[in-house]
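In what follows, a single structure is set out as structure tokens and then discussed.
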Amino acid sequence: MASMTTPRLPFFPARARSAAAAFSSLSSSPLQCCPVKRTSFTNTNSAPLLFASRPGAPLADGWSADLNRRRASAMPVADSPLPAYSDPHALPLPLTSADLMESGGEGLKVAYQGFPGAYSESAAKKAYPHCQTVPCEHFDTAFQAVENCTVDRAVLPLENTLGGSIHRNYDLLLRHKLHIVGDVRLAVRHCLLANRGVKIGNLRSVMSHPQALAQCEHTLTELGIEQRQAVDDTAGAAKLVTEQMLQDTGVVASSLAAELYGLDILAENIQDEKENVTRFMMLARKPIVPQVDKPFKTSIVFSLEDWKPAQLLKALAVFALRDIDLTKIESRPHKKRPFRVADDTFSTPVKYFNYLFYVDLEASMADPKALKALGNLEEFAPFVRVLGSYPTDVSEV
């Protein structure tokens with residue numbers, strides 16, 4: 001078993017400040033982005049961020065409408081009447097003219113997590129090829145940077161074909177008031193990097209993000225490199241090895257990181273599974289106007305009643321009855337209500353963990369079927385929020 005140490009990696013300071021005070025009234029009134037002092041970042045290159053709604057609110061701030069919470073019927077209904085807010089022309093327009101520049105991202109500042117050369121920066125550049133990318137120390141910092149108008153967008157990872165979901169970002173979607181306005185898939189091609197003149201035979205250890213190390217575990221062992229050093233970021237590892245001029249430590253990172261930090265590429269595509277793809281979400285302060293003339297995806301989060309049986313089945317049935325396909329379902333702990341009562345017929349009620357359910361639908365919020373399905377879900381789900389309705393990424397990975 002390879003040994004692993006965790007050195008303290010120096011990182012960029014968290015530049016963005018909390019926007020809680022500035023946006024305390026966001027849920028009751030449209031967001032107005034006032035001029036703020038732009039914080040200067042060490043590097044200028046990154047991408048888009050998200051928006052979510054709140055418990056007890058209409059379906060979502062971007063699609064605010066009274067769904068009337070018709071709780072008299074606790075069953076999925078295939079022919080629910082179309083909610084009053086179904087007119088797509090009544091949906092809010094983007095906050096600024098930035099959406100007119102989204103095709104290439106000209107003029108947009110886009111936040112990402114990590115050092116310059118991180119895979120997230122590459123995803124931001126793929127989403128907005130001509131944007132100005134802005135590195136952030138933490139995921140939370142990137143969310144805050146969008147909220148307080150320091151940047152226009154953020155691009156953050158959601159899931160990977162090998163490592164699964166990035167749970168931290170699912171939790172932050174609920175905590176922050178941003179909208180998902182798109183997603184982008186990036187093929188992750190790991191390289192083994194080292195300082196100039198260093199050969200593979202000279203390496204005693206390798207440094208990278210824990211996920212990157214895990215994705216290359218078998219290949220690194222075959223190369224005879226047994227020691228692992230886990231740090232916060234792949235590009236940050238490359239920066240550290242360069243600054244300390246380490247001769248016996250390699251890095252698992254991207255070819256872009258090798259170029260930025262002057263490292264040699266000793267081996268390419270060293271991930272154990274060649275199909276290694278990460279899906280990133282693009283976040284903004286306001287939602288985009290959903291359409292039906294192109295493939296769209298809608299992301300939602302909801303909770304269920306405590307004690308009623310088959311609640312999740314009923315929730316999924318509102319989509320199945322309307323032939324709406326689900327591309328993903330993810331459960332996360334309900335931190336504000338961590339337990340649910342499963343059976344109160346005994347003297348001591350049986351309690352289980354309680355969950356929030358994140359679901360991706362192959363449907364646009366401009367589609368009457370999707371509107372009816374969500375209206376039906378609201379009849380028996382105590383909390384429903386639309387995180388975003390956005391074009392599906394159909395580009396080549």
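The structure presented is a predicted model; accordingly, all values stated were derived computationally and were not measured. Residue numbers run from 1 in the order of the sequence given.
One finds the CD atom of Q144 at 9.5 Å from the CZ atom of R175 (value rounded to the nearest 0.5 Å). The line from CZ of R332 to CG of D171 is 4.0 Å long, rounded to the nearest 0.5 Å. Taking CZ of R196 as the reference point, atom CG of L263 lies at 7.5 Å (rounded to 0.5 Å). Separation of atoms CG (N354) and CG (L304) is listed at 8.0 Å; rounding is to 0.5 Å. Atom-to-atom distance recorded for Q227:CD and L220:CG is 12.5 Å, nearest 0.5 angstrom. Here the straight-line distance linking atom CG of D233 with atom OG of S120 works out to 7.5 Å at 0.5 Å rounding.
With contacts defined as side-chain heavy-atom distances shorter than 4.5 Å, the pair K239/P116 does not qualify. At a threshold of 4.5 Å between non-hydrogen side-chain atoms, the residues L387 and V301 count as touching. Counting heavy atoms from C-beta outward, N195 and V241 have side chains that approach closer than 4.5 Å. In this structure, T327 and K297 have side chains that are in contact, with non-hydrogen atoms separated by less than 4.5 Å. The shortest side-chain heavy-atom distance between L316 and F357 does not fall under the 4.5 Å cut-off. Using a 4.5 Å heavy-atom cutoff, the side chains of M282 and Y128 are in contact. Within the 4.5 Å cutoff, side-chain heavy atoms of V318 are placed close to those of F380. Side-chain atoms of Q215 and D272, non-hydrogen and from C-beta on, never get closer than 4.5 Å to each other.
A side-chain donor from one of N376 and E379 sits under 3.5 Å from a side-chain acceptor of the other. Between the side chains of N276 and N160, at least one donor-acceptor pair of N or O atoms lies under 3.5 Å. A donor and an acceptor atom, one from each side chain of H176 and D140, are located under 3.5 Å apart. A side-chain donor-acceptor contact under 3.5 Å links S205 and T249. With no hydrogens or angles considered, a side-chain donor-acceptor pair links E330 and S165 at under 3.5 Å.
Closest heavy-atom contact between Y261 and A235: CE1-O, 3.7 Å. The shortest non-hydrogen separation linking L377 to A315 is CD1-CB, 3.7 Å. Pairing each heavy atom of A111 with each of A142, the nearest pair is CB-CB, 4.1 Å. Across all non-hydrogen atoms, the minimal contact from K199 to L266 is C-CD1, 4.1 Å. Here the closest heavy-atom approach between residue D393 and residue R185 is recorded as OD2-N, 2.8 Å. Listed here is the closest heavy atom pair of A194 and L203: CB-CD2, 4.3 Å.
For the pair D183 (side chain) and M281 (backbone), a donor-acceptor distance under 3.5 Å is absent. No donor-acceptor pair closer than 3.5 Å links the side chain of T278 to the backbone N or O of L186. Using a distance-only test at 3.5 Å, with no hydrogens or angles considered, a donor-acceptor pair links the side chain of S208 to the main chain of V252. Within the 3.5 Å criterion, the main-chain N or O of I270 finds a donor-acceptor partner in the side chain of T219. D264 contributes no side-chain N or O that, together with a main-chain N or O of V198, makes up a donor-acceptor pair within less than 3.5 Å. K369 places a side-chain N or O within donor-acceptor distance of the main-chain N or O of R322, the cut-off being under 3.5 Å.
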From CA spacing to verdict: side chain to side chain contact (heavy atoms under 4.5 Å, CB included), L156, Q113: CA-CA 7 Å; L156 299 173; Q113 187 274 328; 4.2 Å; yes

Kindly determine whether T234 and V251 satisfy side chain to side chain contact (heavy atoms under 4.5 Å, CB included), including the steps that lead there. CA-CA 8 Å; T234 56; V251 176; 5.9 Å; no

Dump the intermediate steps for salt bridge (charged side-chain N to carboxylate O under 4.0 Å, His left out) on E217 and R228, then the final yes or no. CA-CA 9 Å; E217 177 69 27; R228 313 284 189 263; 3.4 Å; yes

Worked check of side chain to side chain contact (heavy atoms under 4.5 Å, CB included) between K274 and N269: CA-CA 7 Å; K274 300 308 177 186; N269 293 324; 4.2 Å; yes

Take L361 and D325 through the test side chain to side chain contact (heavy atoms under 4.5 Å, CB included) and record every step on the way to the result. CA-CA 6 Å; L361 319 171; D325 193 20; over 6 Å; no

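Taking the six-membered ring for Trp, F383 and H334 have ring centres at least 6.0 Å apart. For an aromatic pair to be called close, the ring centres must be under 6.0 Å apart, and Y358 with Y170 satisfies this.
Heavy-atom contacts from other residues, nucleotides or ligands closer than 6.0 Å to NZ of K294 number 12 or fewer. At most 12 non-hydrogen atoms from other residues, nucleotides or ligands lie less than 6.0 angstrom from NE2 of H218.
We find that K328 and E159 are joined by a salt bridge, their nearest charged nitrogen and carboxylate oxygen being less than 4.0 Å apart. Taking the charged nitrogens against the carboxylate oxygens, K109 and D152 have no contact shorter than 4.0 Å, which rules out a salt bridge. A salt bridge between E121 and K125 is absent, with no side-chain N of the basic residue lying under 4.0 Å from a carboxylate O of the acidic one. We find that D360 and R279 are joined by a salt bridge, their nearest charged nitrogen and carboxylate oxygen being less than 4.0 Å apart.
Among the candidates R189, H190, H209, the single residue satisfying the side chain to side chain donor-acceptor pair (under 3.5 Å) test with Y119 is H190. Between S122 and the choices V155, L256, V188, V184, the side-chain contact (heavy atoms from CB on, under 4.5 Å) rule is met once, by L256.
Hydrophobic clustering (side-chain heavy atoms under 4.5 Å, transitive across Ile, Leu, Val, Met, Phe, Trp, Tyr) keeps L162 apart from V277. No chain of hydrophobic side-chain contacts below 4.5 Å, direct or via other Ile, Leu, Val, Met, Phe, Trp or Tyr residues, connects Y390 to V292.
Residues meeting the side chain to side chain contact (heavy atoms under 4.5 Å, CB included) test with I265, sequence neighbours left out: C191, L193, S255, A258, E268.
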